[in-house]
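All heavy atoms count here, side chains included; hydrogens, waters and symmetry mates do not. Per chain, numbering begins at 1; letters A, B, ... match sequence-line order.
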Amino acid sequence: MSIGYACIAVGLIGSNQKSCITKNASEEKLYELIEHNLNALEVMIDYNIQNNIKLFRISSDIIPFGSSAVNNIKWWEKFESTFQRIGSKIKNAGMRVSMHPGQYTVLNSPHEDVVSRAILDLDYSARVLDSLELSAKNKIILHIGGIYQNKIEAVQRFCENYKCLDESVKQRLVIENDDKSYNVFDVLEIGKNMMIPVVFDNLHNAVNPYDNVHSEVYWINECKKTWKKNDGIQKIHYSQQDLNKRVGSHSATIKINEFLEFYNQIDHDNIDIMLEVKDKNLSAVKCINCTTTVKKIKVLEKEWSKYKYKILECSQENYLMVRRLLIKKDDYPAIEFYNIIEDALLKEINTENSVNAAQHVWGYFKNIATESEKKVCLKSIELLKKREISTNSIKNILWKMTVKYEEKYLLDSYYFVM
DNA sequence: CACCGTCAAGTCGCA
DNA sequence: TGCGACTTGACGGTG
């Protein structure tokens with residue numbers, strides 16, 4: 001059983017992906033971007049290994065214009081050794097990765113050019129995974145596509161076009177229920193007929209259900225039947241609704257209690273769970289730490305070192321609660337720990353707390369900063385007290401000093417990214 | 001340096 | 001018929 005996250009690692013230096021607009025997509029520029037993005041991928045893979053994260057989605061933007069004529073670089077040749085090195089790390093760690101072309105990759109379109117671009121997109125995704133020399137258990141996830149006023153014909157077109165796909169794509173391709181057009185029943189029909197594994201997405205199912213009779217567990221068990229030995233263990237997508245946004249929007253973080261309720265209902269030892277959530281790796285680590293059988297408080301202490309100034313900024317009370325919680329060194333109060341953090345993050349940030357947090361962070365530098373840095377910082381904190389500057393401004397100033405003085409404890413802090 | 005429009009894609013709902 | 005929303009972070013130009 002693995003829990004993972006998609007594409008981006010929040011608060012991880014050197015992991016950002018770069019892109020450019022078509023106008024600027026010269027060969028030189030593209031080469032530079034690919035090199036950068038592969039570096040960033042390796043940074044994320046290393047991070048995953050260090051944090052025991054064994055499930056990860058590689059961004060489809062890893063190679064800018066990877067499936068377009070705009071990019072003529074034979075990147076799989078030019079960066080062959082880089083791909084092999086990263087792929088080895090993935091394999092040796094027992095990590096499983098995937099790719100997920102977005103809503104604009106539509107295999108069942110009635111427009112020939114749209115379909116051929118979709119095929120190129122799938123070929124590209126497979127080529128990335130092939131270049132990493134990973135097995136067919138490392139999947140490409142696709143939605144069925146549009147309806148075009150006739151679902152039966154649209155499904156037929158999907159199946160016909162699927163048959164035309166390259167074998168390297170077919171052995172990796174899995175299909176997922178979406179939030180508008182194809183519910184889990186529709187996708188299962190296709191999956192069973194075409195022998196394609198089905199990924200169950202709980203939020204899509206909540207938004208676009210087949211009926212209100214069958215439970216999530218029922219559908220997960222139905223989907224399980226579509227996964228064959230060569231496909232690896234069943235994969236599902238899990239996310240929670242952002243209550244302030246439109247129906248189907250992913251939440252900022254995974255509420256741990258709600259997750260555990262779901263987790264405890266399913267056959268979690270035989271399922272890989274991909275989280276779709278704004279805070280990405282943060283929620284993945286949270287869910288892993290709350291379900292692990294290895295219960296070491298050191299893990300929570302490490303988490304606390306990253307969260308603490310952010311929590312101090314939100315709530316002094318919660319900050320003190322966590323400190324009390326982590327005193328007993330033979331305990332492992334992971335769920336309580338994350339409940340206090342979730343609670344703090346929901347609170348409105350007031351001036352007093354944001355000043356307090358900034359002063360704590362400034363404390364790392366007050367003996368090493370130059371006179372001018374000291375002047376700027378203290379002035380900014382005074383302005384913050386009067387709400388004349390934003391918390392982002394002060395965080396930018398403090399972040400620059402963190403980088404300059406390589407303040408290790410702060411470099412990983414979520415204070416700067418939340 | 002902060003801010004914000006733009007990009008890039010295909011479908012669908014609505015005027 | 002055509003346009004805006006959906007999605008996403010970063011780009012890229014402006015002030």
Side-chain angles (χ1 to χ4, degrees), chain A residues 5-12 14-26 29-30 32-34 36-37 40-41 44 57-71 99-122 124-125 141-151 153-155 157-158 161 176 178-182 201 203-204 207-208 237 239 241-242 245-252 276-281 376 380 383-384 388-401 403 416-418:
Chain A
Y5 67 100
C7 305
I8 288 167
V10 172
L12 181 61
S15 71
N16 64 314
Q17 298 280 320
K18 288 192 172 187
S19 62
C20 70
I21 55 174
T22 316
K23 197 180 71 178
N24 299 330
S26 65
K29 177 78 176 172
L30 287 170
E32 183 189 311
L33 293 173
I34 295 167
H36 174 95
N37 288 350
L41 174 64
M44 288 191 277
R57 181 189 300 162
I58 296 171
S59 167
S60 293
D61 297 328
I62 182 97
I63 309 292
F65 305 99
S67 63
S68 152
V70 169
N71 186 342
M99 292 186 75
H100 189 3
Q103 57 190 312
Y104 303 114
T105 301
V106 186
L107 190 59
N108 77 337
S109 174
H111 307 286
E112 228 173 278
D113 55 326
V114 173
V115 175
S116 54
R117 275 199 294 275
I119 292 171
L120 287 174
D121 230 14
L122 294 170
Y124 151 69
S125 304
I141 295 103
L142 187 68
H143 292 292
I144 304 302
I147 301 270
Y148 316 94
Q149 291 98 48
N150 189 331
K151 203 167 190 171
E153 282 179 14
V155 168
R157 248 189 339 267
F158 179 89
N161 293 338
E176 181 194 351
D178 67 68
D179 58 348
K180 279 204 177 72
S181 308
Y182 294 91
D201 182 306
L203 188 58
H204 290 160
V207 171
N208 179 27
H237 288 174
S239 57
Q241 173 69 45
D242 186 326
K245 297 205 176 130
R246 64 159 198 94
V247 171
S249 287
H250 297 146
S251 62
E276 295 183 317
V277 58
K278 295 277 160 53
D279 72 359
K280 305 285 180 182
N281 49 316
V376 170
S380 299
L383 290 173
L384 187 64
E388 283 171 18
I389 59 165
S390 66
T391 55
N392 273 347
S393 306
I394 192 111
K395 284 185 186 183
N396 282 339
I397 293 165
L398 292 166
W399 175 247
K400 272 182 199 144
M401 303 216 313
V403 172
F416 298 108
V417 293
M418 294 175 96

| request: Check whether any side-chain N or O of A/S19 sits under 4.0 Å from OP1 or OP2 of C/dG9, and answer yes or no. | output: no

| request: Verify, without hydrogens or angle tests, whether A/D242 (side chain) and A/S249 (backbone) share a donor-acceptor contact under 3.5 angstrom. | output: no

| note | note: A/D61, atom CG; C/dC11, atom P; distance rounded to Å ~ 12 Å

| said: Pairing donors with acceptors under 3.5 angstrom, does anything connect the side chains of A/D61 and A/S19? | reply: no

| With a non-hydrogen cut-off below 4.0 angstrom, is A/N392 in contact with a base, only sugar-phosphate, or nothing? | nothing

| query | Looking at C/dT8, C/dG12, B/dG10, which one has an atom nearest to any side-chain atom of A/I21? | reply | C/dG12

| query | P atom, C/dC3 versus B/dT6: distance in rounded Å? | reply | 15 Å

| Rounded P spacing from B/dT11 to C/dA10 in Å | 27 Å

| request: When you get a sec, tell me which of C/dG9, C/dG12, C/dC6 is the closest nucleotide to the side chain of A/I8? | output: C/dG9

| request: Determine the Euclidean distance between corresponding P atoms of B/dA9 and C/dG12; express it in Å to zero decimal places. | output: 16 Å

| field | Phosphate OP1/OP2 of C/dA5: any A/K245 side-chain N/O under 4.0 Å | value | no

| remark: Residue pair A/F65/A/K180 against DNA chain B: nearer the 5' end by closest nucleotide is A/F65

| Pair A/R117 + A/D121: basic N to acidic O under 4.0 Å | no

| query | Among B/dC7, B/dC12, B/dG10, which is the nearest nucleotide to the side chain of A/I147? | reply | B/dC12

| Under 4.0 angstrom, heavy atoms only, what part of the nucleic acid is A/T22 near: base, sugar-phosphate, or nothing? | sugar-phosphate

| N or O in side chain of A/T105 less than 4.0 angstrom from B/dA9 OP1/OP2 | no

| field | Rounded distance (Å) that lies between atom C1' of B/dA9 and atom NE2 of A/H143 | value | 14 Å

| field | Residue met sooner reading DNA chain B from 5', once A/S109 and A/N396 are mapped to nucleotides | value | A/N396

| According to a strict under-4.0 Å criterion, is A/N16 in side-chain N/O contact with OP1 or OP2 of C/dA10? | no

| field | Nearest heavy atoms of A/V155 and A/Y182, plus distance in Å | value | CG2-CE2, 3.7 Å

| Just to confirm, is there a sub-4.0 Å distance from OP1 or OP2 of B/dA9 to any side-chain nitrogen or oxygen of A/R117? | no

| message | Work out how far the P atom of B/dG5 is from that of C/dG4, and round it to whole angstrom. | response | 14 Å

| message | Distance check needed: B/dG10 P versus A/L122 CG, whole Å only. | response | 13 Å

| Among B/dC12, B/dA9, C/dG12, the nucleotide that comes nearest once only the side chain of A/N24 is considered | C/dG12

| request: Might you point out which heavy atoms bring A/Y148 and A/S109 nearest each other, and give the distance in Å? | output: OH-CA, 3.2 Å

| message | Just the rounded figure in Å: distance from P of C/dT8 to CG of A/D242. | response | 11 Å

| task | Between A/Q17 and A/K23, just flag the one whose closest nucleotide in DNA chain C comes earlier from the 5' side. | result | A/Q17

| query | Less than 4.5 Å apart, any side-chain heavy atom of A/I144 and any of A/S181? | reply | no

